[in-house]
Amino acid sequence: MDSDGLLTVRDGHLCFDGVDLAAAAGRLETPFYVYSERRLRANAAALLDGFGARHPATEIFFASKACSNLWFLHVVRDAGLSVEVNSGGELAKALRVGFAPRQIVFNGVAKTEVEIAAAVDAGVRAILADSLFELERVALVAARLEKAAAVAPRVDVHVPTLTHPGLETAHGGKAGIDRDDAVTAFRRAADDPWLVPVGLHLHVGSQITSVEPYRQAVETALDIVDEVERVPGVRLEFLDAGGGFAVPYREPLAAGVAGAAGPEGARPDYFSSALAVDDYAAAICGVLVSRRPDLTLFLEPGRSLATTCGVLVTRVENAKTKKRRGAGGEVTGAEDWLTIDAGFNTLLEHTNYAWYFRTLVAGRAGEPADRPFRLAGPLCDGGDVFAGDGDTPYRRFPAGTGVGDIVVFLEAGGYTLEMMNQYNARPRAAAYAATRDGGLAQIRRRESDADLAAFDLTPGFGV
Ligand code: LLP
């Protein structure tokens, strides 16, 4: 059913990396995530090989915000990748998993002194400085610790991307230093005894379905590198081109059906993408190798490593048919509703960014999916309704789908575990990894009622 045979059908049941998901849901409390180590290793190898073939001096730093689960990070490390962290918490997790400080870059748009001190003290490969102010802050902390800090200013290269507006990050948004201030930033770093300017960082955004922004961004970044290297004492080691490689969440929509509207109007359908690793590698390395083959290329992919490694397994808990009515209450039709046990508490992006995740009914994999259903989550929130297929509000499932059926969300391994919450006092879900023999190993525990109360304090009411 997919390119590397991870999704298969056995006796009408959907299997993910050999795990019969309907059978697993018969034994385990839903909802839960299932991860595939095989897929993660394949994704890592595709990136290492794809970029390595075009520019051997490439280092890949997994953006751990996409999945900082400790098991997942262990596999990432074992697969030969380094790691990008975005907070003191992610730094602590990376160190705990055993990444060497040289394998860690530290990003963020509001780093605290405490976080910077932890990064300087650990001796990370580079602190990716978000502002002129932050450079001063890093210098102050480094001086206090009497330990030099390697820095790579993050520059806003001002490239439009047409992804979801919330994911566009190098187009005048909150991140990075204005490109006109880039030279000043490098000069400050070069002049400070405790700072070592080692590279330039950029990140154009996430789920980028065209290579053009990368080409433009690298061209602009290298123009800036030319300028900053005229500053005495500045000779850069690397260009960090960020992450953003897209995942195909669905087939392309029919021509003329646009994606969500952004600030500048309708955007293309950014949930579908036909790009392969080599397309990104050709665009980025094409520019870099022709202009500055001496620079090491750093990359920070998150989504493209994690997303296809995970699925979310949920159960239908309620079903009903409701009339559809017009403005005056007149009946215009009817629709079937299915309510499952996971909503934006378990899959935040479905409402946060109106994200589309494909679904299949695990126990009915052989049946034609031809009946339209509205699909909703369990939360006490009218917005907790999943986007439909194509440009409709409906998901197409086999006709008999109803209470007890197992609905599986595909491409759900990135930015999902990380973003779960306890709304409606629902426990955050468990996660499992598929084992080689078709079994499951638990990699995250499901929260209990005790966990739900564990952080609340009751002063005045006794303990
Ligand atoms: N580097 C930087 C500086 C970033 O800000 C990000 C993502 C990445 C790397 C990784 O980008 P990726 O390869 O994953 O596209 N919560 C959102 C995603 C936010 C992405 C933020 N930055 C979501 O669920 O879609």
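Remember, it's 1-based here, ligands and their atoms both numbered in the order they're listed.
Protein heavy atom in closest approach to atom 22 (N) of ligand 1: K65 CD, 3.8 Å. Counting protein heavy atoms only, atom 6 (C) of ligand 1 is closest to H203 NE2, 3.2 Å. G244 N, 3.4 Å is the protein heavy atom nearest to atom 12 (P) of ligand 1. For atom 20 (C) of ligand 1, the nearest non-hydrogen atom of the protein is Y415 OH, 3.6 Å.
Residue contacts with ligand 1 leave out S304, since none of its heavy atoms falls under 4.0 Å from the ligand. Residue M419 places a heavy atom less than 4.0 Å from ligand 1.
The ligand atoms of ligand 1 that sit less than 4.0 angstrom from a heavy atom of E84 are 1 (N), 2 (C), 3 (C). Atom numbering of ligand 1 starts at 1 in the shown order; those under 4.0 Å from a heavy atom of P301 are 13 (O). In the vicinity of R154, heavy-atom distances shorter than 4.0 Å reach the ligand 1 atoms 3 (C). Near N107, meaning under 4.0 Å from any of its heavy atoms, are these atoms of ligand 1: 3 (C). The contact set between ligand 1 and G243, taken as ligand atoms under 4.0 Å from a residue heavy atom, comprises 9 (C), 13 (O).
Taking the six-membered ring where the residue is Trp, the centroids of Y33 and F409 are separated by 6.0 Å or more.
Between R292 and E229 a salt bridge is recorded (basic side-chain N to carboxylate O distance below 4.0 Å). Residues R41 and E37 are paired through a salt bridge, judged by an N-O separation under 4.0 Å between the basic side chain and the carboxylate.
At a heavy-atom cutoff of 4.0 Å, ligand 1 is contacted by the side chain of L167 but not by its backbone. Here S206 has heavy atoms under 4.0 Å from ligand 1 in both its backbone and its side chain. Residue contacts with ligand 1, taken as heavy atom pairs separated by less than 4.0 Å, do not involve H164 at all. With a heavy-atom cut-off of 4.0 Å, R303 touches ligand 1 through backbone and side chain alike. Only side-chain heavy atoms of E349 come within less than 4.0 Å of ligand 1; its backbone N, CA, C and O stay farther off.
In this structure, K65 forms no cation-pi arrangement with Y415, as its terminal cationic atom is not both closer than 6.0 Å to the ring centre and no more than 45° off the ring axis. Geometrically, R250 does not engage F271 in a cation-pi contact defined by less than 6.0 Å to the ring centre and at most 45° from the axis.
R154 places none of its side-chain heavy atoms less than 4.5 Å from the side chain of L200. Looking at L312 and F32, their side chains never come closer than 4.5 Å, going by heavy atoms from C-beta outward.
A donor atom on one side chain and an acceptor atom on the other are found under 3.5 Å apart for Y356 and D389.
Counting only non-hydrogen atoms, the option in E418, E300, H201, Q207 that gets closest to atom 9 (C) of ligand 1 is E300.
Backbone and side-chain nitrogen or oxygen atoms of G302 are examined, and one is located within less than 3.5 angstrom of a nitrogen or oxygen of ligand 1.
Ring pair F72/F62 is tilted by interplanar angle, where 30° to 60° counts as tilted. The aromatic rings of F245 and Y214 are tilted relative to each other, their planes meeting at an angle between 30° and 60°. Between F61 and F298, the angle of the ring planes lies from 30° to 60°, which puts this pair in the tilted group.
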